[in-house]
Amino acid sequence: RTLARLIKWAGGERKEVRKGTVNLIGMSTTMRDWRSALEDLTQLVEAMGLKVGCTPGVGCSIDDLRESLTSECNIVICEEYCHETCMMYESMGVPTVNSGSAPVGPVAIREWIQSIADFFGNDPSPAFAILDKVLERVSDGMRATKGSESLRGRSLAIEGDASVILPMVEWMHSALALIPIYVRVYDGCSEDQLRRIESFLEGIGCLDALTDELPRSVQIMMA
């Protein structure tokens with residue numbers, strides 16, 4: 001709401017559209033190491049021949065906010081942090097690209113890249129190549145330390161924003177066989193997000209994780 005009011009106060013108008021320019025929206029300075037995350041996501045966007053014009057809410061100026069209305073679209077990172085701001089942008093003619101979850105973990109990042117490529121009709125393969133290179137390095141590190149073997153079957157307690165929780169739990173379960181026993185989502189999640197989390201947990205026999213209390217003993221805690 002604050003961002004929406006700031007943009008209106010700045011007096012910007014959608015007088016023109018800068019083709020191939022996007023806003024990355026839905027990040028907060030309360031997120032740990034948001035600068036590094038923003039650099040990584042910007043690299044993926046630019047690999048598809050696009051340009052990041054503004055990042056509302058993190059590291060942008062008033063002039064950037066004013067110019068953000070000329071970007072071709074908004075690309076959502078965490079929708080909890082930009083739902084009303086996107087509605088304001090849409091009322092002024094700036095469309096929203098939302099993959100449905102935050103770009104966390106290889107599957108969700110790939111879906112995030114694909115949603116952008118689909119909107120613009122651009123080739124996503126250069127961004128996929130960057131992702132694959134990072135995943136290869138991570139995989140090599142895991143094999144070298146036998147990290148995945150030491151984690152398999154351990155219990156997982158996790159809390160956070162729904163758009164991050166969903167891909168994170170799916171990734172931790174599929175890649176490392178972690179068992180979610182305690183899952184809590186912060187306020188602000190949509191009904192659709194909550195249903196998707198419930199559906200996944202029910203599918204792996206862990207639906208009680210949404211209501212069970214945090215046990216006295218848990219092997220891995222993420223927040």
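These numbers were taken from a predicted model, which means no experiment stands behind them. FYI, the numbering just counts along the sequence from 1.
- Judged purely by atom type and a 3.5 angstrom limit, Arg184 uses its side chain to pair as donor or acceptor with the backbone of Ala209.
- No more than 12 heavy atoms of other residues, nucleotides or ligands shown are found within 6.0 angstrom of CE on Met87.
- The CE atom of Met168 sits 12.5 Å away from the CD1 atom of Ile197 when rounded to the nearest 0.5 Å.
- Within the 4.5 Å cutoff, side-chain heavy atoms of Val183 are placed close to those of Ile165.
- Taking both residues in full, the closest heavy atoms of Ala4 and Thr85 are given as N-CG2, 4.3 Å, listed atom of the first, atom of the second, then distance.
- Inter-residue side-chain proximity for Cys60 and Leu65 is flagged as met; some heavy-atom pair is nearer than 4.5 Å.
- With Ile75 as the fixed residue, the side chain to side chain contact (heavy atoms under 4.5 Å, CB included) test singles out one of Asn23, Leu41, Val52, Val22: Val22.
- Of the N and O atoms on the side chains of Ser163 and Tyr81, not one donor lies less than 3.5 Å from an acceptor on the other residue.
- The side-chain heavy atoms of Tyr89 and Cys82, taken from C-beta on, include no pair separated by under 4.5 Å.
- The distance from atom CE of Met92 to atom CE of Met88, rounded to the nearest 0.5 Å, is 6.5 Å.
- Panel note: side chain Asp118, backbone Ser115; no donor-acceptor pair is recorded below 3.5 Å.
- No donor-acceptor distance shorter than 3.5 angstrom exists from the side chain of Arg18 to the backbone of Leu69, with no hydrogens or angles considered.
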Arg137 and Asp140: salt bridge (Lys or Arg N to Asp or Glu O under 4.0 Å), yes or no, with the steps? CA-CA 5 Å; Arg137 188 167 69 243; Asp140 288 345; over 6 Å; no
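- Nearest heavy-atom pair, Pro124 versus Ile113, reported as atom, atom and distance to 0.1 Å: CB-CG2, 3.9 Å.
- Nearest heavy-atom pair, Cys78 versus Ala102, reported as atom, atom and distance to 0.1 Å: SG-CB, 3.8 Å.
- Going from atom CZ of Arg195 over to atom OG of Ser190 covers 7.5 Å, rounded to the nearest 0.5 Å.
- Remark: Leu151 CG to Ile220 CD1 distance equals 5.0 Å, nearest 0.5 Å.
- In the hydrophobic clustering of ILVMFWY residues, with side-chain heavy atoms under 4.5 Å counting as a link, Tyr182 and Leu194 come out apart.
- Within the 4.5 Å cutoff, the side chain of Ile204 has no heavy atoms near those of the Glu170 side chain.
- Applying the side-chain hydrogen bond (donor to acceptor under 3.5 Å, both in side chains) rule to pairs touching residues 92-101 yields Glu79-Asn98, Glu90-Thr96, sequence neighbours excluded.
- Once rounded to the nearest 0.5 Å, the distance linking OG1 of Thr42 with CZ of Arg35 reads 13.5 Å.
- Residues Ala37 and Met27 approach most closely at CB-CE, 3.8 Å, considering heavy atoms.
- Annotation: side chain of Ser28 is not in contact with side chain of Trp34 (no heavy-atom distance under 4.5 Å).
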Step-by-step side-chain contact (heavy atoms from CB on, under 4.5 Å) determination, Asp161 to Gln193: CA-CA 10 Å; Asp161 296 308; Gln193 287 176 322; over 6 Å; no
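- Glu80 and Ala162 get closest at one heavy-atom pair: OE2-N, 2.9 Å.
- Atom CD1 of Ile179 and atom CZ of Arg152 lie 9.5 Å apart (nearest 0.5 Å).
- Neither Val107 nor Leu131 shares a network with the other; the hydrophobic side chains, linked directly or stepwise wherever heavy atoms of I, L, V, M, F, W or Y lie under 4.5 Å apart, form separate groups for each.
- Of the possible polar contacts, none joining the Arg154 side chain to the Leu178 backbone as a donor-acceptor pair under 3.5 Å is found.
- The heavy-atom pair separating Pro95 from Arg14 by the smallest distance is CD-NH2, 4.3 Å.
- Under the 3.5 Å distance criterion, the side-chain polar atoms of Ser155 are matched with a main-chain donor or acceptor of Gln219.
- With hydrophobic clusters built from ILVMFWY side chains whose heavy atoms lie under 4.5 angstrom apart, Leu166 does not share a cluster with Met31.
- The shortest distance between side-chain heavy atoms of Trp9 and Ile62 falls below 4.5 Å.
- Within the 4.5 Å cutoff, the side chain of Thr21 has no heavy atoms near those of the Thr70 side chain.
- Looking at Asn74, its side chain never comes within 3.5 Å of a backbone N or O of Ile25 through a donor-acceptor pair.
- Linking Ile, Leu, Val, Met, Phe, Trp and Tyr residues whenever their side-chain heavy atoms come within less than 4.5 Å leaves Met172 and Val218 in two separate clusters.
- Between Asp208 and Thr211, the side chains place no donor N or O within less than 3.5 Å of an acceptor N or O (distance only, hydrogens not considered).
- The local environment of CG in Asp33 is crowded, with over 12 non-hydrogen atoms from other residues, nucleotides or ligands closer than 6.0 Å.
- You'll find the side chain of Ile181 stays beyond 4.5 Å of the side chain of Cys206, heavy atoms only.
- Looking at Ser139, its side chain never comes within 3.5 Å of a backbone N or O of Glu136 through a donor-acceptor pair.
- For the pair Glu67 (side chain) and Gly53 (backbone), a donor-acceptor distance under 3.5 Å is absent.
- Under the 3.5 Å distance criterion, the side-chain polar atoms of Trp112 are matched with a main-chain donor or acceptor of Val76.
- Judged purely by atom type and a 3.5 angstrom limit, Asp123 uses its side chain to pair as donor or acceptor with the backbone of Ser125.
- Hydrophobic clustering, with ILVMFWY side chains joined whenever heavy atoms are under 4.5 angstrom apart, groups Val185 together with Ile158.
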